[in-house]
Amino acid sequence: MTIGIIGLGAMGLGIAQVFAMAGHPVRATDANPETRATAPARLSDTLSARVAKGSLTEDEKTAILQRLVVTERVEDIAPADLVIEAVVERLAVKQSVFSLLEQYLAPGAVLATNTSSLSVGAIAQGLHRPDRVVGLHFFNPAPVMRLVELIPHAGTATDAVTIARSLTESAGKTVIQCADRPGFIVNRCARPYYGEALAMLEEGRDPGEIDAAMMAAGYRLGPFALIDLIGADINLAATEGLAAAMGHHPRYHVFTALKRQVESGHIGRKSLKGFVFPDNPPPPPADAATIALRIEATLANEAAWLLSEGGTTAEGIDTALKLGLNFPRGPFEALARHGRGTVLQTLARLEENAPPHLKSRYLPAPGLAP
Ligand code: NAI
């Protein structure tokens with residue numbers, strides 16, 4: 001099966017590598033001539049690093065590079081059975097790429113979008129064959145991250161979902177299906193990890209202590225160290241995007257502490273200073289378990305809200321958060337560990353003490369309440 005890739009930036013080239021390494025011929029293009037011209041050399045560099053590490057042979061590297069054909073025109077992608085677009089995150093651009101493509105592709109070909117924040121259904125709107133469109137959300141860096149979220153929209157044909165799943169699984173990925181809802185699984189269910197930590201910061205807690213509490217609970221990075229790694233600016237944009245898409249419900253509240261951090265310019269590793277970067281976390285505080293319970297209770301509640309909206313499973317959500325965020329356990333596994341009663345009590349106490357702007361943030365999801 002031939003794979004087409006539109007957009008050869010960070011994600012597109014990474015996805016091209018995934019499929020070329022799995023033995024598929026890959027035909028790829030980009031609007032920018034320089035990006036097209038440099039793509040083979042960029043892929044070669046990435047593969048050379050694998051050769052140096054001993055995880056790839058020179059012969060394998062040569063074969064992978066030969067499978068990537070960079071074309072100048074979108075039409076030349078046409079033999080592809082599955083096309084994945086990874087162009088800029090703008091609805092109109094993605095729509096125009098697909099509407100041009102569908103004129104040339106075989107009727108059974110699948111059009112997949114790697115969007116992380118747009119609605120898959122909205123991208124499909126206006127196409128002649130919206131039923132061929134599906135979301136395939138890879139994580140960065142695509143060759144390393146095992147998780148791919150598979151997102152059919154309301155009108156996606158069943159066989160398009162099956163083709164997208166089987167090709168992606170055969171390239172070694174763990175594919176988790178979810179509904180065409182804002183943030184899909186990971187970007188949505190991760191919100192309380194940051195948000196609840198920011199709520200505690202605004203209550204006067206020390207960010208290093210919050211991080212230490214989560215690390216003591218088994219998380220590789222605390223919420224603030226994770227924001228510093230991603231960049232507070234990126235985290236703010238993702239939070240604001242989701243808040244808007246979810247009608248500004250207090251569960252997606254954009255905390256002033258995060259906005260102030262971005263305004264200060266101390267956005268994390270890339271600015272050499274963040275919430276906690278470059279400091280090492282202090283020892284966990286005496287109430288570390290209470291902090292971890294609070295964050296895990298809100299993670300479990302958000303996951304339960306998503307589950308109640310349909311289109312995915314509790315196991316799928318757990319797997320997605322473990323693979324997408326390196327969490328030691330999924331939110332439903334955390335729920336089982338603490339017990340439903342303890343989690344509900346924690347949420348009830350938080351709701352009771354919530355300041356006016358957070359009222360109804362902690363109301364339990366339908367599936368959580370007894
Ligand atoms: P990027 O900016 O590195 O690459 C985008 C590429 O698309 C550029 O090379 C650009 O020249 C090309 N392009 C723009 N318009 C085009 C068009 N009309 N036709 C052909 N090529 C066009 O962006 P990146 O980071 O690779 O992101 C691409 C997509 O993947 C976006 O939708 C983004 O939201 C999504 N995504 C990004 C992740 C990340 O961590 N960077 C993670 C998951 C999804």
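We number each residue from 1, following the sequence as shown. The figures here come from the full heavy-atom set of this structure, side chains too, leaving out hydrogens, waters and symmetry mates. Just so you know, ligand 1 is whichever comes first in the structure, and atom 1 is the first atom listed for that ligand.
- Under 3.5 Å, the side chains of Arg191 and Thr239 contain a donor-acceptor pair of N or O atoms.
- Residue-ligand proximity, Lys94 to ligand 1, at heavy-atom distances under 4.0 Å covers atoms 31 (C), 32 (O).
- Of the N or O atoms in Val93, none lie within a sub-3.5 Å distance of an N or O in ligand 1.
- When heavy-atom distances to ligand 1 are checked against a 4.0 Å cut-off, Asn114 comes that close through both its backbone and its side chain.
- Distances between N or O atoms of Ala31 and those of ligand 1 include at least one value under 3.5 Å.
- Remark: ligand 1 atoms within the under-4.0 Å shell around heavy atoms of Ala10 are 3 (O), 26 (O).
- The shell of residues lying under 4.0 angstrom from ligand 1, judged by heavy atoms, excludes Phe139.
- Of all protein heavy atoms, the one lying nearest to atom 34 (O) of ligand 1 is Glu89 OE1, 3.0 Å.
- Applying the 4.0 Å criterion to heavy atoms of Ile6 picks out, from ligand 1, the atoms 20 (C).
- For atom 23 (O) of ligand 1, the nearest protein heavy atom lies 4.0 Å away or farther.
- Using a 4.0 Å cut-off between a side-chain N of Lys or Arg and a carboxylate O of Asp or Glu, Glu309 and Arg181 qualify as a salt bridge.
- An N or O contact shorter than 3.5 Å is missing between Val97 and ligand 1 by distance.
- For atom 31 (C) of ligand 1, the nearest non-hydrogen atom of the protein is Val87 O, 3.2 Å.
- The shortest N/O to N/O separation between Thr29 and ligand 1 does not fall below 3.5 Å.
- Under 4.0 Å from ligand 1, not a single heavy atom of Thr113 appears.
- At a distance under 4.0 Å, a protein heavy atom can be found next to atom 36 (N) of ligand 1.
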